[in-house]
Amino acid sequence: MSYALTPPETVSVPVRGTDQCFPVRNIYCVGRNYWAHRAEMGVTDRDPPFYFTKTRDAIVYCPAGETVDLPYPPMTANYHHEIELVVAIGTEGANIAEENAENHVFGYAIGLDMTRRDLQSLAKEKGRPWDNGKSFAAAGPMGAIVPASECGHIASGRIWLSVNGETRQDGQMDEMIFNVQETIADLSRFHTLLPGDLIFTGTPAGVGAVSPGDVITGGADGVGELSVRVTST
Ligand code: MN
């Protein structure tokens, strides 16, 4: 049996310090996982974090030390940066216990949950899905995956982002509402986590808009940095 169309290429991200790539499967994102960001989005409830997804065409690999072009997406006038720790799942699991969660982690990376905030806000107002605001081509630039065997399990440390050299986001990863273990445990109640899955773990306060020509640089302790330049389309 042959394919009716050419199958899409496997989306993958290099594994730092190796000649291997990590093949990407599903991309989950945690919403409102830092109190200060939740407040800046105007939310005062105490509800637990929740999830949305991006498609694989969100992934743009950003090699360390390079500034990668990131096209300004269509249908927005309010394109926002969100710097996030990304967890890469290596081992399948459902209903994972918190104390066992780290055994399912392959590694960690730095990533951007790029957001068409105007479309997301409209969706919220209308009670519609967030997909147009969150899931689009190049909406998830990320650096290489650092194996947990190299960086250990990331539970704390600084996470930051600057635009044109000016610091916009400067948080601490131990300020997550659901830490990595709790996120894996909770998410795996809803979805069987599979090898290749990525989890964007939410952003600290300080999100904001970028324009063509802006250079975004961000990083987190233990997983390195990334840099992108927003280009006009
Ligand atoms: Mn986010």
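Keep in mind it's a predicted model, so treat the numbers as computed, not measured. Excluded from the calculations below are hydrogen atoms, water molecules and symmetry mates; all remaining heavy atoms, backbone and side chain alike, are included. We count ligands from 1, going down the list as the structure has it; atoms in each ligand are counted the same way.
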- [ ] For the Mn ion (ligand 1), find the closest N/O/S atom belonging to Glu82 and write down its atom name.
- [x] OE1
Open item on the list: As a test of reading the structure, name the N/O/S atom of Glu84 that is nearest the Mn ion (ligand 1).
Closed with: OE2
- [ ] Just do the salt bridge (charged side-chain N to carboxylate O under 4.0 Å, His left out) check on Lys54 and Asp113 with the steps written out, would you?
- [x] CA-CA 9 Å; Lys54 290 180 190 279; Asp113 169 14; 2.7 Å; yes
Open item on the list: I'd like to know if Arg32 and Asp47 make a salt bridge, using a cut-off of under 4.0 Å between side-chain N and carboxylate O.
Closed with: no
Task: Audit row: Glu82, Arg117, salt bridge (charged side-chain N to carboxylate O under 4.0 Å, His left out) steps and yes/no - done: CA-CA 11 Å; Glu82 297 190 359; Arg117 191 73 73 200; 2.8 Å; yes
Open item on the list: Less than 6.0 angstrom separating the ring centers of Tyr51 and Trp130, yes or no?
Closed with: no
Open item on the list: Can you tell me which N/O/S atom of Asp113 has the shortest distance to the Mn ion (ligand 1)?
Closed with: OD2
